[in-house]
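Just so you know, residue 1 is the first one in the sequence shown, and it goes up from there.
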Amino acid sequence: MTAKMFRALLPMALLFAMVSCSSDSESDEQILKQTATSTSLVENYDYDASELELFNLINAHRQSLNLPALLPINHISYKSQEHNEYMIQHNVVNHDLFEERSENLIQVLGAVRVSENVAYNYNTPQAAVNAWLNSPGHKANIEGNFTHFGISVSVDPESGRKYYTNMFIKK
């Protein structure tokens, strides 16, 4: 009796397994990893007022310490925007996939050093910069030995909260 039941249920189990698991589909994280490591240079990025204000605030702080201003690179801002989109999609604030973004900047831009600041739910760029400057690790990145940077500010369409990613490189 058990063998007959097994033979009857086996085709249904196989059908279920084939329908529920498809090797052709990729997870969101796999797609993001592929995007993060893509070696094509992104040359165009449309900065909004918040992002331009962040550039100015960070460079003003550096110049107040007699540090050289950082030069923006659109490709870095694009990678920062990708990370904001990831954080919004997953409802997290973190540095997930930083290694992939860093490797991309090394390969595409020739970076020799990469670092990153993220922030969440600050209403103004000034508030985000103040928070970073009050955090020793984030402040070290802003004041660090870098030559270029990129910035993205993205708004979660559902909550209206802002996500900030600021990446730094040394060439």
Is the closest side-chain heavy-atom distance between [X] and [Y] below 4.5 Å?
{"X": "Met87", "Y": "Asp156", "result": "no"}
{"X": "Val153", "Y": "Pro125", "result": "no"}
{"X": "His83", "Y": "Ser80", "result": "no"}
{"X": "Leu54", "Y": "Val129", "result": "yes"}
{"X": "Tyr164", "Y": "Asn117", "result": "no"}
{"X": "Tyr78", "Y": "Asn44", "result": "no"}
{"X": "Val118", "Y": "His95", "result": "yes"}
{"X": "Lys162", "Y": "Tyr122", "result": "no"}

Polar contact flag, side-chain donor to acceptor under 3.5 angstrom, [X]-[Y]:
{"X": "Tyr45", "Y": "Ser152", "result": "yes"}
{"X": "His138", "Y": "Asn166", "result": "no"}
{"X": "Glu100", "Y": "Asn104", "result": "no"}

Does [X] reach the main-chain N or O of [Y] with its side chain, forming a donor-acceptor pair under 3.5 Å?
{"X": "His148", "Y": "Leu71", "result": "no"}
{"X": "Ser64", "Y": "His61", "result": "yes"}
{"X": "Arg62", "Y": "Ala69", "result": "no"}
{"X": "Trp132", "Y": "Ala140", "result": "no"}
{"X": "Arg101", "Y": "Asp96", "result": "yes"}

Decide whether [X] and [Y] are clustered together by the hydrophobic rule: side chain heavy atoms of Ile, Leu, Val, Met, Phe, Trp, Tyr closer than 4.5 Å, transitively.
{"X": "Phe146", "Y": "Val112", "answer": "no"}
{"X": "Val114", "Y": "Leu109", "answer": "yes"}
{"X": "Ile151", "Y": "Val155", "answer": "no"}
{"X": "Leu67", "Y": "Phe168", "answer": "no"}
{"X": "Leu105", "Y": "Phe98", "answer": "yes"}

**Study point:** Pair listing, salt bridge (charged side-chain N to carboxylate O under 4.0 Å, His left out) test, anchored in residues 66-76, at least two apart
**Key:** none
**Study point:** CD-OG distance between Gln107 and Ser40, expressed to the nearest 0.5 angstrom
**Key:**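 Answer for the CD-OG pair, Gln107 versus Ser40, is 11.5 Å.
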